[in-house]
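Remarks on the structure that follows.
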Amino acid sequence: MKHLVAILFKFVIVLVLLEILLNLMTALTVGQIFMISLAVTVVGYIIVDLLILSHSNNMVATLCNAVLSFLTIYSFNFWSRYPSFSIGAAIFSAIILAVGDWFFHRYLVRSIYPNRRKHHP
């Protein structure tokens, strides 16, 4: 149940931030931004929040999330029928998402990995 709450929390953060950013910088629709947000959330939660954060610190996890968010967002230019958007829009979105992830990771350490704080500063 903790993971369901955490992934929903992450999805809301990602969706709100990407809706604001990508709506201003691209011609993507709300539905397209929803799908990108879903992909960013699922991929990031599984790879970074579950695997990397549980064995490293917040800085490493945040940097990994930024790179993975950029790759996920920008990949929609190549494998979807979405309107093309610039690499700058993807980079800027990933940076802003990384700021949100920094705080989200602090929440995860408190609620999902409470014993991890004893072993990782």
Could you go through the side-chain contact (heavy atoms from CB on, under 4.5 Å) check for Ile73 and Leu97 one step at a time?
-> CA-CA 11 Å; Ile73 292 166; Leu97 287 176; 4.0 Å; yes
Checking side-chain contact (heavy atoms from CB on, under 4.5 Å) for the pair Val60/Cys64: CA distance, chi angles, key distance, verdict?
-> CA-CA 6 Å; Val60 171; Cys64 290; 4.2 Å; yes
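Remark: Phe85 pairs with no residue by the ring pair (Phe, Tyr, Trp, His ring centres under 6.0 Å) rule, at least two apart or across chains. Among residues two or more places apart in sequence or in another chain, the side chain to side chain contact (heavy atoms under 4.5 Å, CB included) test is passed with Ile95 by Ile91. Ser75 pairs by the side-chain hydrogen bond (donor to acceptor under 3.5 Å, both in side chains) definition with Trp79, not counting sequence neighbours. Annotation: side chain to side chain contact (heavy atoms under 4.5 Å, CB included) contacts of Leu8 (sequence neighbours excluded): Leu4. In this structure Tyr74 satisfies the side-chain hydrogen bond (donor to acceptor under 3.5 Å, both in side chains) test with no other residue, sequence neighbours excluded. Partners of Leu15 under the side chain to side chain contact (heavy atoms under 4.5 Å, CB included) rule, at least two apart in sequence or in another chain, are Phe11, Phe34, Ser37. Not counting sequence neighbours, Thr72 has no partner by the side-chain hydrogen bond (donor to acceptor under 3.5 Å, both in side chains) test. Taking the side-chain hydrogen bond (donor to acceptor under 3.5 Å, both in side chains) definition, one finds that Ser84 meets it with nothing, sequence neighbours left out.
The stretch residues 92-107 participates, sequence neighbours left out, in these salt bridge (charged side-chain N to carboxylate O under 4.0 Å, His left out) pairs: Lys10-Asp101.
A single hydrophobic cluster is seen to contain both Ile46 and Ile112, as judged by linkage of ILVMFWY side chains at heavy-atom distances under 4.5 Å, directly or through other members. One hydrophobic cluster, built from ILVMFWY side chains closer than 4.5 Å, holds both Phe70 and Val67.
Side-chain polar atoms of Asn65 and His105 form a donor-acceptor pair below 3.5 angstrom.
Remark: Ile36 CD1 to Thr41 OG1 distance equals 11.5 Å, nearest 0.5 Å. Atoms CG and OG1, from Asn58 and Thr62 in turn, are 4.0 Å apart once rounded to the nearest 0.5 Å.
Between Ala94 and Ala66, the shortest heavy-atom distance links the atoms CB-O, 3.4 Å. What you find for Ala61 and Val48 is that their closest heavy atoms are O-CG1, 3.2 Å.
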Please tabulate, one pair per line, all N/O donor-acceptor pairs under 3.5 Å involving side-chain atoms of residues 17-28, not counting sequence neighbours.
from: Thr26; atom 1: OG1; to: Leu22; atom 2: O; distance (Å): 2.4
from: Thr26; atom 1: OG1; to: Leu28; atom 2: N; distance (Å): 3.2

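Ring planes of His3 and Tyr45: perpendicular class, angle over 60° (limits at 30 and 60°).
With side-chain heavy atoms closer than 4.5 Å counting as contact, directly or through intermediates, the hydrophobic cluster containing Leu63 also holds Met59, Val99, Trp102, Phe103. Chaining together hydrophobic side chains whose heavy atoms lie under 4.5 Å apart leaves Leu51 on its own.
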